[in-house]
Number of protein chains: 2
Amino acid sequence: MSKKTPSGSTQAVVLDLGAVIATVADDDPRVLLVNAEDTDSRPRLPSGPFDPDSDRTMEEGLRRWIAEQTGLTVGFVEQLYTFGDRFRDPDNRAGGPRSISVGYVALIRQSAAKRPAGSDWFDWYRLFPWEDWRHGRPALLDEILKPKIGSWIDGAEDAKAKRARRGRSDIAFGFSDVGWDADRVLERYELLYEAGLVAETVTDGRIKTGQGQSDAHAWTGLPLHQDHRRILATALGRLRGKIRYRPVIFEVMPIAFTLLQLQRAVEALAGAPLHKQNFRRLVAAEGLVEPTGRVSSETGGRPAELFRFRPDVVRERPAPGVRMPRGRRAK
Amino acid sequence: MSKKTPSGSTQAVVLDLGAVIATVADDDPRVLLVNAEDTDSRPRLPSGPFDPDSDRTMEEGLRRWIAEQTGLTVGFVEQLYTFGDRFRDPDNRAGGPRSISVGYVALIRQSAAKRPAGSDWFDWYRLFPWEDWRHGRPALLDEILKPKIGSWIDGAEDAKAKRARRGRSDIAFGFSDVGWDADRVLERYELLYEAGLVAETVTDGRIKTGQGQSDAHAWTGLPLHQDHRRILATALGRLRGKIRYRPVIFEVMPIAFTLLQLQRAVEALAGAPLHKQNFRRLVAAEGLVEPTGRVSSETGGRPAELFRFRPDVVRERPAPGVRMPRGRRAK
DNA sequence: TCCCCATATGCTCAAATTAAGTATAAGTAT
DNA sequence: ATACTTATACTTAATTTGAGCATATGGGGA
């Protein structure tokens, strides 16, 4: 075995820090994207350099360039994943330095989420329409994706490969007896990518040429630059998992909020409807919130009490978060 | 906002792939460490270069060098975290290229886990003695760590800082009403590090000079090279979380095993004892295993039936894994 | 003013899950 | 044979969950 960490000759890698900056606004999940420069290009995730000379840690560097580039001050920040596949940048097919991106998720309150010049807050589900089950199972799934995935399965080399593909899609999309697992966002995106069902596939050369997929993003969502949609899928899956056992949802809430607002925010990220009375019982029982004493009459009906996050909860419960039924109502 | 991904001038970064290669042997969790070269140095995690020219993906590169360096073929591999703090390499204090390490966890079955030359399989809990609750709450916690953490709390600047420290240690170690949360391995290690209670702290210059801490690893575990113990803490926390909802435990099991062996393996990673009858009911109910028909008489008592993993479970349940009480018996 | 509507909030109840026993079976060692 | 070890089946009470019903409290219009 090698004795020293291979400190190697300088490698041909370029490292940057990518950010999925997310919030919830008007009961919908939003993500900050840098607008396409022209009609041929696509929106992209904001990203910035990592400067080893001035940034003590990568997270510090990330916060620095987010502030510089967008003027935003983000709260919660968590490292997501480091993306380094060769073809993540389709232009960089042969030679050239490998582009490595350390991806982060950052959360910000709607009130602090101004719109930086050149960027926009996009509805997350415009990028992943099949992930939004808040109003029931998306029609898109059965009407379009399921048959297309079916063809992909049938297109496999042999019976074994076919079985493997079927297994994968059953798991990812819950087509057989498994229910829908909201957390498997990445698996679903990856399957669609491999099956040539997302617009990116064309660019990336997996599909030769126009198969009449120009309407692709009508059903597979808005295509993004490079592998940025994959990064977003990773982020959404991670967030969905995380709200269940850490109180991260409050990072996107205003300081005072009604329980229904809180529920809508959770539903927005989770992509699933929740039972109102039980939700209320749950956050009360977990001790996640405390009343402020004030009420909000903006709803039309009976005024709702305003609550605030109760930070002490993390000192009382091992894994405080918004418990949710996992893929139960799914079918 | 910048229009192009800052493809920047070549940065002074060196990237390598680090691996936490783990297994369970003799009912204890093990991790592969490269032996110290001399008495002054410390064991280290194996790591290898990332070669953008030959490795299509980082995971591929990882598997390649693991095979080359150790002769091992690992099964399950998952990216953990990318470590890039300035002082992760204490020798690299000023200038010089920043050392960035993309950390992975890899699991391997005991049967495949030969001992590579120059390396050894270490008991994970030699490195984190306070994490092993299989035989009850570790005495070390109350006898040594709690008072020392207490002094650290008292040593805070002002009342506010003191409260913050107390809050953190309550959460991490479950000192107040919160129970022990087995998953918070990293938080605990980080607190001990900041409190100057692990041997690494001395080297890293946070503590001026010998405070009679030469016996440190009697109570804080075997110190490792650079920030490798932090990487291990990250890995252990991640694995503990993961076994609960993905069947990763079977990656370290032999093909056929008894239910008690399986339970011991889970306990080894989880660091907590489990109720035998319930464990058995649970794996049966989840459909995680199926009988092989054979029995094992190696236990001394009644021969146990041999089971094998039932891969179909992932097609049937949304999140198949070994459910466990979370910090319930903790106190 | 009073009724209707909308939302908020409190409460009930059955089903499912969980934690923790007790009892029994089937081997090995002495 | 007897003691001892481990395996496995079954019971029970407590807790958690999913879902619905009932009541409260505001605004707006007849």
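Letters A, B, ... are given to chains in the order of the sequence lines, protein chains preceding strands, and every chain is numbered from 1.
- Straight-line distance from the CG atom of B:N278 to the C1' atom of D:dT15: 14 Å, rounded to whole Å.
- Atom CG of B:L274 is separated from atom C1' of C:dA19 by 12 Å (rounded to the nearest Å).
- The side-chain contact (heavy atoms from CB on, under 4.5 Å) test applied to A:R310 returns A:E290, A:D312, A:V313, A:E316, not counting sequence neighbours.
- Figure legend: B:R188 and B:W180 shown as a cation-pi pair, the cationic atom lying under 6.0 angstrom from the six-membered ring centre and within 45 degrees of its axis.
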N/O to N/O distances under 3.5 Å, protein versus nucleotides 6-8 of chain D:
from	atom 1	to	atom 2	distance (Å)
D:dT6	O2	B:R302	N	3.4
D:dA7	OP2	B:K276	NZ	2.9
D:dA7	N3	B:R302	NH1	3.3
D:dT8	OP1	B:E305	N	3.1
D:dT8	OP2	B:R280	NH1	3.1
D:dT8	OP2	B:R280	NH2	2.9
D:dT8	O5'	B:R280	NH1	3.4

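- Atom CZ of A:R281 is separated from atom P of D:dT17 by 8 Å (rounded to the nearest Å).
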Requested in this report: Check step by step if salt bridge (Lys or Arg N to Asp or Glu O under 4.0 Å) holds for B:R134 and B:D28.
Outcome: CA-CA 10 Å; B:R134 285 175 297 173; B:D28 283 317; 3.0 Å; yes

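- What separates NE2 of A:H275 from P of D:dG20 is a distance of 6 Å, to the nearest Å.
- Contact record, A:V289 with A:L259: CG2-CD2, 4.2 Å, taken as the closest heavy-atom pair.
- Using cut-offs of 30° and 60° on the angle between ring planes, the pair A:F175 and A:F173 is parallel.
- Taking the centre of each ring, B:F122 and B:W124 stay at or above the 6.0 Å mark.
- The CG-C1' distance, from A:L262 to C:dT9, rounds to 15 Å in whole Å.
- For C:dT30, the paired nucleotide is D:dA1, the pair qualifying as Watson-Crick or G-U wobble because both relevant distances are below 3.5 Å.
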